[in-house]
Amino acid sequence: MDKRMIITIFTEMATYLELKGENQFKVRAYQNGARIIDNLEKDLRKLVESGEITKIPGIGKTLTGNIIELITTGDLAEYHEIKKDIPSGLLEIIKIPGLGPKKAYRLHQSLGIENLAELEYACLENRLTVVKGFGEKSQKNILQGIEQLKKHRGKFHYIEAIVEAQKIVDELKIAPDIKQISIAGSLRRGKEIIKDIDIVASSDNPTSVMDYFTSLPQVDNIIAKGVTKTSITLKSGINVDLRVVKDEEYIFALHHFTGSKEHNTALRHLAKKSDIKINEYGFFTAETKVEIKTEEEFFSYLGLEYIPPELRENTGEIEKAREDNLPKLVTNTDIQGIFHVHSKYSDGNDSLYDLAEAAKNSGYKYLGISDHSQTAVYANGLKVDEIYKQHEEIQKLNEKFTDFFIFHGIESDILPDGSLDYPDEILRIFDFVIGSIHSGLNMTQEKATERILKAMDNPYFTMLGHPTGRILLGRPGYELDLEKIFQKAKEKKIIIELNANPHRLDLDWRHLKNAKSKNVLISINPDAHRKEDLDQTYLGVKVARKGWLEKKDVFNSWSLDEIKKYFASKKINGH
DNA sequence: GCCGTTTTCGGCCCGACTGTTTTCAGTCG
């Protein structure tokens, strides 16, 4: 029974309780529990063994008991008790926009509907309209929602959403009645998966703004249209919420709709202690309304240091902000160079020269080429003679460049037995070696951890590439004992990659803070296969910020000289 | 179900929009 399963079970329990119409605060307790467990940095099993679990706020007697039962027996009697009379298909049904647990349960009670397919059929048969609380319109909306759900499953990569959102903001900026406008929501916070786009704007004439918004060419469907809030679906399938407020309310709305919900809730609790009420329109004290012009002032009024959007997940940022002790987050300009770039030698699109020129023009001081190794036949991995050829070409290019340097590396497969893909006498040719797993992905946590730990013992191992192998919205990645990996990384001075490919973003930001606390260096790598991918690095910076990383934690914020020295010292130790 | 210098009961963040009602429940963020 791993952490992920426990989170799923608690989340499901909350939903089943909701469907049953149970006390909403009980529902929230389970939802909170799931979120708290998700944010835990320490191993859940160890927390239970040491008894620390009882000290975590939000996990009380019952939840602790449930966690222990799940860990020791692998199951939970209460879970089966709760879901006994409720068909699991209702969990799918409540994913339809506008159809929540109350209505779903009523459909089940009155029409015997148990899943999405039955609901769709009932709509087509025009049977919904006879149920109390449902009419023509809701039946139509539900049908539309089912279509939507089947088509997209409602989740998008950050990169897809940010491109759409930026386009809308740029178009709205030139709308006649717009004063201020910004992307908000999970997109502003840099979440890797986005459910919808939130945009906040200010105007004296909201109706005109809403009209402008709904008539944009990329709008496919208007879900709801009001004076302060309008929701639409884009042709790409992404939902967009636009909130329009008065200019003096803008900062409050921006903060509110940036979230996260958990951050906002915690902040309101804090404010309440000082008799300040917060909502999306302002701060309200006993008799006055407070004027605020910037988010810096917003936090300062509450006695807090400015909290960057990426940190607003209620994972300790408010406490740190009170102590004036937030991390000074890494920025794009801190990045000096990039590693993990593929060239034509393996499965990349561009020549070494073109990649170097592009990197140089983007302002990077160095470029670390790392093509695939020989076992990666599907990716045209390098044979030994090609390695020598590539080495020579890089040396020649380096003679031409001033103020720029190409490091010769390799992305070596970590083979199933934990060895690297070339003998040591070949590995020593490279300036750096990224070890990555590309095959045999179905391993137990023990096997996967052992495999990587063994590879890390190789003296030429420099960086661990995409540590968990996850593909966002694709596959979850193998389970790893990251504590052991970080420990080994620290011992062996091995760098952990934050792979900035938008489909990977691996290592997950939730683990970065932990790595940082163990003084493990992180390299933000684009994993580029064409020169246009080089700046994916900046998406990685966003995620690094979300993981509380500072300049000092990021390997590729180092200067060219510092990197050269580091690799040189690794080589000496390796011999 | 969780929590506590309002402490073992009685609260628990707050507001907009829709579709159905005939004054509001449900949903969403």
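Here is how names work: the chains are called A, B, and so on, in the same order as the sequence lines, proteins then strands, and each is numbered from 1. Values in this document were obtained by computation on a predicted structure and should not be read as measured data.
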For DNA chain B, determine which residues of [range] have any heavy atom closer than 4.0 angstrom to one of its atoms, and list them numerically.
| range | answer |
| --- | --- |
| residues 126-140 of chain A | A:G133, A:F134, A:G135, A:E136, A:K137, A:S138 |
| residues 199-214 of chain A | none |
| residues 310-319 of chain A | none |
| residues 62-88 of chain A | A:T62, A:L63 |

Among A:L44, A:I56, A:I53, A:L47, the one residue meeting side chain to side chain contact (heavy atoms under 4.5 Å, CB included) with A:I37: A:L44

In whole Å, what separates the P atom of B:dA25 from that of B:dT21?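 Their P atoms lie roughly 14 Å apart.
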
Can you tell me, in whole Å, how much space there is between the C1' of B:dT18 and that of B:dT22? 16 Å

At under 4.0 Å between heavy atoms, which parts of nucleotides 22-29 of chain B does protein reach? Answer with one letter per nucleotide, 5' to 3': B base, S sugar-phosphate only, - none. ----SSSS

Donor-acceptor pair, distance only, cut-off 3.5 Å: does the side chain of A:R545 make one with the backbone of A:T331? no

Who pairs with B:dC3 - Watson-Crick or G-U, where each distance is under 3.5 Å: B:dG10

Euclidean distance, atom [atom1] of residue [X] to atom [atom2] of [N] [Å, nearest integer]:
| X | N | atom1 | atom2 | answer |
| --- | --- | --- | --- | --- |
| A:Q144 | B:dT18 | CD | P | 14 Å |
| A:K61 | B:dC2 | NZ | C1' | 12 Å |
| A:N141 | B:dC17 | CG | P | 17 Å |
| A:I223 | B:dG19 | CD1 | C1' | 15 Å |
| A:I56 | B:dC2 | CD1 | P | 13 Å |

By nearest nucleotide on DNA chain B, pick out whichever of A:K225 and A:A29 is the more 5' one.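 Closer to the 5' end of DNA chain B: A:A29.
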
Around atom NZ of A:K140, are there more than 12 heavy atoms of other residues, nucleotides or ligands at under 6.0 Å? no

Choosing from B:dC2, B:dC3, B:dC17, which nucleotide comes nearest the side chain of A:P57?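 Between B:dC2, B:dC3, B:dC17, the one nearest the side chain of A:P57 would be B:dC3.
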
Do you know which of A:F283, A:Y281, A:F299, A:Y301 makes ring-ring contact (aromatic ring centres under 6.0 Å, His included) with A:H255?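 It is A:F299, the one option of A:F283, A:Y281, A:F299, A:Y301 that forms the ring-ring contact (aromatic ring centres under 6.0 Å, His included) with A:H255.
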
Quick one: label A:V27 by what it contacts on the DNA or RNA (base, sugar-phosphate, nothing), any heavy atom closer than 4.0 Å.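 No contact.
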
Between protein and nucleotides 9-12 of chain B, what N or O pairs are separated by less than 3.5 Å?
none

